[in-house]
Amino acid sequence: METETVALAHPFDLAATLNSGQVFHWNRHEDGFVGLIGEVPAFLAQPAPGELRIDSPQPGAVKKFLALDHDMAAIRRSFPRRDARLAEACDFCPGLRILRQPVWECLATFITSSLKQVSQIRGMSLRLRAEFGRPLPFRGAVLHTYPSPGTLAEAGEAQLRACQLGYRAAYLHRAAIDIASGALELEALRGRSTSEVRAALRGLHGVGAKVANCVLLFAYERIDAFPVDVWIERALRQLYFAGSTGVTAKAVREFAGHHFGPNGGYAQQFLFHYARMTGLKSPDRD
DNA sequence: GCTCAGGGTCGAT
DNA sequence: ATCGACCCTGAG
């Protein structure tokens, strides 16, 4: 076990990042958080804004996961000038980071996300881990790894349904089979173009445009990917199309696809967080 | 108790 | 391209 204290070069907000709907299994522990990055356990705390404490057998893997190297100033400079709404969303939480997640658990988790609230996604994820994952004692707690595709394939759809996945159990089970069988190799996709990865992911039953974009953004480091969900669509309509009626969902997606540029995924995350935290919630009126 | 929406996607028109 | 169905749980 190593303990390392990192002096942060760029704005970083640990709590906001771990609670921003990218990952769903980190738990508060003492003055920080415990969780797993794949098979690597970690305790993380941020005693001061510019300081991060990492307790982990593999601190290097943790730093990579947290994307501490992302140059936030450069990312913000790449955003459209004169976009005051986006600037406000960035200023609301400048330390938000897009993580580099292990691919399978990211994919699997977002497959189960459809028509669920963040807290419910978390519940499903934790139940799957507790039921089918490998227990890993760490700092007095017991963490559970995310179950492998083979494990979930073998478990069967009914067992997954028992973890309260509803109709998502069939999606996850079929995806697990496709990956366990080698029909789709997630790691081999790393070297392919974004559109190729997207097409491969969408070949899985239960993976549509939104989930594919989440996996591209949160696991394959495709920072231009811009997932459009109900929150983002609401936020975009309110912030960029206020007063315009009859704007189609497709028009909103197309706007999102070109307006924010090569780091659009970060813009999405800033807007998503801003919308959720400030309760930009009221149903879509004009 | 009952209604309703919740980080969507599929299959049929 | 548009539209209802889909499992089920917690909040109102």
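To find a chain, count down the sequence lines: A is the first, B the second, and so on, and within it residues start at 1. What's counted below: heavy atoms across the whole structure, side chains too, no hydrogens, waters or symmetry copies.
For the pair A/R234 and B/dG6, the criterion of a side-chain N or O lying under 4.0 Å from OP1 or OP2 is met.
Each of A/R174 and A/K116 lies near DNA chain B, and the nucleotide nearest A/K116 is the one positioned closer to the 5' end. In terms of position on DNA chain C, the residue among A/L115 and A/Q164 whose nearest nucleotide sits closer to the 5' end is A/L115. Of the residues near DNA chain B, A/H205 and A/F218, the one whose nearest nucleotide (by heavy atom distance) lies more toward the 5' end is A/F218.
The gap from the P atom of B/dT9 to that of C/dG10 amounts to 24 Å, rounded to the nearest Å. As rounded to the nearest Å, C/dT9 and B/dC10 have C1' atoms that lie 22 Å from one another.
What separates CG of A/D229 from C1' of B/dA5 is a distance of 15 Å, to the nearest Å. The interatomic distance linking A/R161 (CZ) with C/dC8 (P) rounds to 6 Å, in whole Å. A/Y171 places its OH atom 4 Å from the C1' atom of B/dT9, with the value rounded to the nearest Å. Spacing between atom CG of A/L204 and atom P of B/dT9 amounts to 12 Å, rounded to whole angstrom units. We find that CZ of A/R127 is positioned 18 Å from P of C/dC7, with the value rounded to whole Å. Rounded to a whole Å, the CD1 atom of A/I111 is 16 Å from the P atom of C/dC7. Atom CD1 in A/I121 sits roughly 15 Å away from atom C1' in C/dC7 (whole-Å rounding). Here the P atom of nucleotide B/dA5 and the OH atom of A/Y167 are 15 Å apart, to the nearest Å.
Within the nucleic acid shown, A/A169 has no heavy atom closer than 4.0 Å to any nucleic acid atom. Using a 4.0 Å heavy-atom cutoff across all strands shown, A/T109 reaches no nucleic acid atom at all. Residue A/G166 is in base contact, counting any heavy-atom pair closer than 4.0 Å across all strands shown. No engagement by A/V228 is indicated, since no non-hydrogen atom pair under 4.0 Å with the nucleic acid exists.
For the pair A/R139 and A/F43, the cation-pi test (distance below 6.0 Å, angle within 45°) is passed.
Closest heavy-atom contact between A/E4 and A/P59: OE1-CB, 3.4 Å.
The line from CD of A/Q269 to SG of A/C93 is 9.5 Å long, rounded to the nearest 0.5 Å.
No single ILVMFWY cluster, assembled from side-chain heavy atoms under 4.5 Å apart, contains both A/M72 and A/F12. Both A/L99 and A/F33 sit in one connected hydrophobic cluster of ILVMFWY residues. Membership requires side-chain heavy atoms under 4.5 Å apart, directly or through other members.
Nucleotide C/dT9 forms a pair with B/dA5, judged by Watson-Crick or G-U wobble geometry with both contacts under 3.5 Å.
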